[in-house]
Number of protein chains: 2
Amino acid sequence: MSQQEQLGFRALADPTRRSILHLLAQGDLTIAQVAENFQMTRAAVKKHLSILHEGDMICVQAVGKTRVNTLNPNGIKNAASWFGYFDAFWDEKLATLKTEIEKDMQ
Amino acid sequence: MSQQEQLGFRALADPTRRSILHLLAQGDLTIAQVAENFQMTRAAVKKHLSILHEGDMICVQAVGKTRVNTLNPNGIKNAASWFGYFDAFWDEKLATLKTEIEKDMQ
DNA sequence: ATTGATAGATACCGAATGGTATCATGTCAA
DNA sequence: TTGACATGATACCATTCGGTATCTATCAAT
């Protein structure tokens, strides 16, 4: 487990932060513009953006006196690639899943 | 954001739990067997397994006096599918990413 | 130079999290 | 029915986390 992987999953663990990523997918936004979409203070949103930045999920570029937050496809793709580990096991698992689910109900 | 999505990402947020999923990908294990792979008490491992179960990442079936933990491909695939939201935006983003990364360095 | 808008930084609070220790439960075997 | 073993469950502790309040810094425009 790399530290970057941990920072990435930590960034994705909060629903507000995942929502921010969906927002930024539709266009780049300043901190204030992101904050308009949530019922919390700008400082709280800034914290979320910092954690997203630490997890490599967004890039931040200074534009005049504002900071424009931009989606970072590389970081998001990197987190998504973690799931690839299971690709080799899924076919076999899915074949017996129904039975296991039934046992789990008991 | 669904509650199940949140429980899923919460389950994945901890490195021990992600490690447990990788372990279970190689074969089903009882709680005690999982605990052998970590330097923490069985109770702590049990907590992690409970959170993984709440996030639909594993199934638990009683076998005699033991409980066998099994990977749940459905839950893991469901979490992985969250990343599909960005598919439509990646091609465009990747085209301009290099420039944005450079600005981010400043 | 002063004002106002945008952002950074810090301290603080309540709740959730990761972990241990401890005790209760249940199941198999003798 | 005992005893041993794998698990369930609870209480407790230190740390992290999400959030607010507050103060400071910077830039732009007048």
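Just so it is clear: chains get the letters A, B, ... in the order the sequence lines come, proteins before strands, and each one is counted from 1.
One atom, CD of A:Gln6, and another, C1' of D:dT16, lie 12 Å apart when rounded to the nearest Å. Rounded to a whole Å, the CD atom of A:Glu54 is 13 Å from the P atom of C:dG8. Here D:dG18 presents its P atom at 13 Å from CG of A:Leu49, a figure rounded to the nearest Å. One interatomic measurement links the two molecules: CZ of A:Phe9 to P of D:dC17, which rounds to 16 Å at whole-angstrom precision. Rounding to whole angstrom units, CD of residue A:Glu36 and C1' of C:dA5 are separated by 13 Å. B:Ile31 places its CD1 atom 16 Å from the P atom of C:dG26, with the value rounded to the nearest Å. Residue B:Asn69 contributes atom CG, which lies 15 Å from atom P of D:dA6 at whole-angstrom precision. For the pair A:Leu12 CG and D:dC17 C1', the interatomic distance rounds to 16 Å; values are reported in whole Å.
Atom CD1 of A:Ile76 and atom OG of A:Ser81 lie 12.5 Å apart (nearest 0.5 Å). Between B:Arg10 atom CZ and B:Arg17 atom CZ the span is 6.5 Å, to the nearest 0.5 Å.
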Exercise for the section: Begin from the C-alpha positions of B:Phe83 and A:Phe83 and carry the test ring pair (Phe, Tyr, Trp, His ring centres under 6.0 Å) through to its verdict. Expected result: CA-CA 11 Å; B:Phe83 294 89; A:Phe83 294 88; 5.7 Å; yes
Give every pair of a protein N or O atom and an N or O atom of nucleotides 26-29 of chain D that lie under 3.5 Å apart, one pair per line with the distance.
none

Distances under 3.5 Å only, N/O to N/O: pair up the protein atoms with those of nucleotides 14-21 of chain C.
| unit_1 | atom_1 | unit_2 | atom_2 | d |
| --- | --- | --- | --- | --- |
| C:dT17 | OP1 | B:Arg10 | NE | 3.0 |
| C:dG18 | OP1 | B:Asp14 | OD1 | 3.4 |
| C:dG18 | OP1 | B:Arg17 | NH2 | 3.1 |
| C:dG18 | OP2 | B:Arg17 | NH1 | 3.2 |
| C:dG19 | OP2 | B:His48 | NE2 | 2.3 |
| C:dG19 | N7 | B:Lys47 | NZ | 2.9 |
| C:dG19 | O6 | B:Lys47 | NZ | 2.3 |
| C:dT20 | OP2 | B:Thr41 | N | 2.8 |
| C:dT20 | OP2 | B:Thr41 | OG1 | 2.9 |

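Between A:Thr70 and the choices A:Leu29, A:Ile58, A:Val60, A:Asp28, the side chain to side chain contact (heavy atoms under 4.5 Å, CB included) rule is met once, by A:Asp28.
Aromatic ring centres of B:His22 and A:Phe86 lie closer together than 6.0 Å.
A donor-acceptor contact shorter than 3.5 Å links the side chain of A:Gln6 to the backbone of B:Ala13. At distances below 3.5 Å, not a single donor-acceptor pair connects side-chain atoms of B:Arg42 with backbone N or O atoms of B:Ala32.
Residue A:Lys46 places at least one side-chain N or O closer than 4.0 Å to OP1 or OP2 of C:dG8.
Side-chain contact, B:Lys46 with B:Ser50: a donor N or O sits under 3.5 Å from an acceptor N or O.
Hydrophobic clustering, defined by side-chain heavy atoms of Ile, Leu, Val, Met, Phe, Trp and Tyr closer than 4.5 Å, groups A:Val63 together with A:Val68.
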